[in-house]
Structure formats: structure tokens, C-alpha cells
Number of protein chains: 2
Amino acid sequence: MNDKAKQWIDRYLDVYQLVTRRISAEMREHLGEDLTNDQFQVVRLINSMPQCTSSQLADTLAVGKSSITAIVNRLVDAGILYRTRDEADRRQVYLALTDYGTSIFESAQEQVRNIISPYLKHFEEKDIEMFISMFEKLGQLMQESGGRKN
Amino acid sequence: MNDKAKQWIDRYLDVYQLVTRRISAEMREHLGEDLTNDQFQVVRLINSMPQCTSSQLADTLAVGKSSITAIVNRLVDAGILYRTRDEADRRQVYLALTDYGTSIFESAQEQVRNIISPYLKHFEEKDIEMFISMFEKLGQLMQESGGRKN
DNA sequence: TGAAATAGTTTCATTATTGAACTATATGGC
DNA sequence: GCCATATAGTTCAATAATGAAACTATTTCA
């Protein structure tokens, strides 16, 4: 590995850590009692995936299935999610938002948008587009090479 | 907030989550028994900050000081860090790496570079430079507006 | 000198995570 | 049709990260 690559990686680690931590902190502060950070991510995914299963979540979030069971249990207890079993293949359990969960999620989503949007003003539209596109390409590469047995 | 902003934020959240989770998963897998993800971040910071204190760490990582005490305790128990008290102002405790800690950190750092570097090959140098610069600008904006009382 | 500020720790509760063992269900080869 | 294997999900025990509030020790300053 050349020095330039090392420097890029070091700079990336620095800023990735800083940005991730700050966003997490702001979300912790503004999401309040309703949802933790991780719970928001999970609820957001379930909201966007029809017929979402635990295995899909575990795969998407790159964690073990037992971790998903734990998170989902807490969200079911809180009245935010419910499980339904597939009658054709009774091994499959689908996850979905309750009405209450939907309202919690939508207000959390609003909060998160309010946290992030002020930063957009400091950038040119074309730069934002380029930044996100590159980030998405990175994400895609990671998704392709990714995978977790469990 | 306009629709374009909402879409950017949604795309950012998607890819931010994906990339963060994948990197975490890979680090978990390759850092092995030696260091957790968060521990690597903490050790990396201490390595780069002379006379590092708990308060500085808490501020940089945007968490409470009790969280730092817990992490540092585990790392001291593992023989990776040691504390020294400032004789001039005995409230201050400086954190530093032991020799063992340094060797653990350097090999972890090597692992992390190996995890990330393959992805660099898929991008143009000038694009990488631009991407990191924008990310750094975002980080800087967040740092300025940031802050946590505790 | 005494009150307020600062640095850090302790304690307790909660959440996220792993890994291994487990249950229930489905599938496919013979 | 039946058994071995695969798949989906859960349970359980252990560990780590975190916040909040109460606490100790030290310093500063009016």
C-alpha cells in the first residue's frame, strides 16, 4: 500500500468517526425517549421493505439474527412493530409497523431531517450530488463484497 | 425543506448506514479478540493526542465522561493503556498507550487499512480527494456547531 | 477562607451485540 | 413416504457502550 492510500484512509477514518459520532449524538438528543439510534435505523428499514423478515434485516445491517430478535422484541413490546407469520412457509416471520409505530417513525424522520438539513446549505448542489453518488458507489462495492454467514 | 433536500438526506442516511455497518462488521471480524471497534477508535485517538485526557476524549467522541471511564478501565485492565496524574493539577489524568498497547494498535491499524484500501482502486484519485475534502468540510461544520455539556 | 467550578469515578439501568444451543418448519434424494 | 439436511427464528449467557445522577478530589476566585 502506498503512502497516499494510507493518508486517505487515515483522513477518512478521522472524519468518518467525527461525523458518525456527531450525528449519533444529535440523534440521541433529538429522538428523545421514543427511539434509539439503532432502533430508528431498523424502523426505517422495515418501513421501506415490504414483507421484511429478520434474516433480511440481519443481512442488511450486517449483524447476527439474534441481535435482530432482541431489537424487534423491544420494539414489539413498545407497540411500534408487530410480527405476522407466513401461512405458506411458517418459518418466515414478517415485520411491520403499527399505526403508532408509523407516527413515531414519521416524527423521528422529521427530526433527523432537521438535524441534517442545515449542513446542506454550505455546499453546492452539484457537489452534494457528486458526494452522495460517490458514497453510494462505495456502498455498492461494499454490498457486493459483503455477506455474513451466521 | 424542499424535496431535493429530503431526497439527499434519505440517500445519505441509506448509504451512511450501509457503509458504517459494513465497515463495523469487517472490523469486528478482523480486529479479532484484541480490540472492539470503539476501542480501536479510542486507542487511535489517544495515540494521536499527546497528554490526552478523559474530558478531551468525551468531547471528541461526543459521549459522556462516564462512558470514557468505562472504556478506559477495560483497556487499562487489558494492559493496553495506562493513566498518569498531572502533578501540577492533580485533577487531570493523562492517558497513554503501553508498549503492548502500541503493538496491538499498530497491527489493528494495518488490518483496517487492508480492509479499506481495496475499495480505493475503484475510484479516480481526484474523486477520492474531492470526496474526502467534502467529508472533512462537513466534519468541520459539525465540530463547530457541536458541543456537549455533560 | 469558603463557594463554585472542574476532572474524573462510581453505580445502576438500558441497549446492542455475539455465539452456541435450541425449536419449528420445509425440502430433496432415495 | 421418510429421513437427513437446510432454513428461519428464538433463547440464553456474557460482554461492551452508553446515559444520568450522585459522588470525590482538586483548583480557582471573589
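First the proteins, then the strands, lettered A, B, ... as listed; each starts at 1. Predicted model only: the values in this text are computed from it and were never measured.
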Nearest heavy-atom neighbours spanning B/Leu18 and A/Met142: CD2-CB, 4.4 Å
Mind checking what makes salt bridge (charged side-chain N to carboxylate O under 4.0 Å, His left out) contact with B/Glu110, not counting sequence neighbours? none
Scan residues 33-46 of chain A against DNA chain D and write down, sorted by residue number, each residue with any heavy atom closer than 4.0 Å; if none is found, say none. none
B/Asn73 CG - C/dA7 C1' separation (whole Å): 15 Å
Separation of atom CG in A/Leu75 from atom P in C/dA16, rounded to whole Å: 8 Å
For B/Tyr94 and C/dA7, give me the distance from atom OH to atom C1', rounded to whole Å. 11 Å
Under 4.5 Å between any side-chain heavy atoms of A/Thr60 and B/Arg21, yes or no? no
First of B/Thr69 and A/Ala70 reached from the 5' end of DNA chain C, by closest nucleotide: B/Thr69
Donor-acceptor contact below 3.5 Å, side chain A/Thr20 vs main chain A/Gln17: no
Can you list, pair by pair, the side-chain donor-acceptor contacts under 3.5 Å of residues 100-109 of chain B, counting residues two or more places apart and other chains?
{"from": "B/Thr102", "atom 1": "OG1", "to": "B/Thr98", "atom 2": "O", "distance (Å)": "2.9"}
{"from": "B/Ser103", "atom 1": "OG", "to": "B/Tyr100", "atom 2": "O", "distance (Å)": "2.9"}
{"from": "B/Ser107", "atom 1": "OG", "to": "B/Ile104", "atom 2": "O", "distance (Å)": "3.4"}

For B/Asn2, is the CG atom crowded, meaning more than 12 foreign heavy atoms sit under 6.0 Å from it? yes
Given C/dT17, D/dT11, D/dG19, the nucleotide with the shortest approach to the side chain of A/Ser66: D/dT11
Please report the distance, rounded to the nearest Å, between NZ in A/Lys65 and P in C/dT25. 15 Å
Spacing of B/Met27 atom CE relative to D/dA17 atom C1', expressed in whole Å: 15 Å
Identify, between A/Thr53 and B/Ile71, the residue whose nearest nucleotide on DNA chain D lies closer to the 5' end. A/Thr53
Tabulate below the donor-acceptor pairs under 3.5 Å that side-chain atoms of residues 71-79 of chain A make, not counting sequence neighbours, or state none.
{"from": "A/Asn73", "atom 1": "OD1", "to": "A/Arg83", "atom 2": "NH1", "distance (Å)": "3.1"}
{"from": "A/Asn73", "atom 1": "OD1", "to": "A/Arg83", "atom 2": "NH2", "distance (Å)": "3.0"}
{"from": "A/Asn73", "atom 1": "ND2", "to": "A/Thr69", "atom 2": "O", "distance (Å)": "3.3"}

Tell me which residues in residues 82-92 of chain B lie within less than 4.0 Å of DNA chain D, going by non-hydrogen atoms. B/Ala88, B/Asp89, B/Arg90, B/Arg91
Between D/dA17 atom C1' and B/Ile68 atom CD1, what is the distance in whole Å? 10 Å
Rounded distance (Å) that lies between atom P of D/dA17 and atom CG of B/Leu61: 11 Å
What nucleic acid atoms does A/Ser55 come within less than 4.0 Å of, heavy atoms only: base, sugar-phosphate, or nothing? sugar-phosphate
Please list, chain by chain and in numerical order, all residues satisfying ring-ring contact (aromatic ring centres under 6.0 Å, His included) with A/Tyr16, sequence neighbours excluded. A/Tyr12
Donor-acceptor pair, side chain of A/Lys137 and main chain of B/Phe123, under 3.5 angstrom: no
In whole Å, what is the span from the CZ atom of A/Arg28 to the P atom of C/dA16? 12 Å
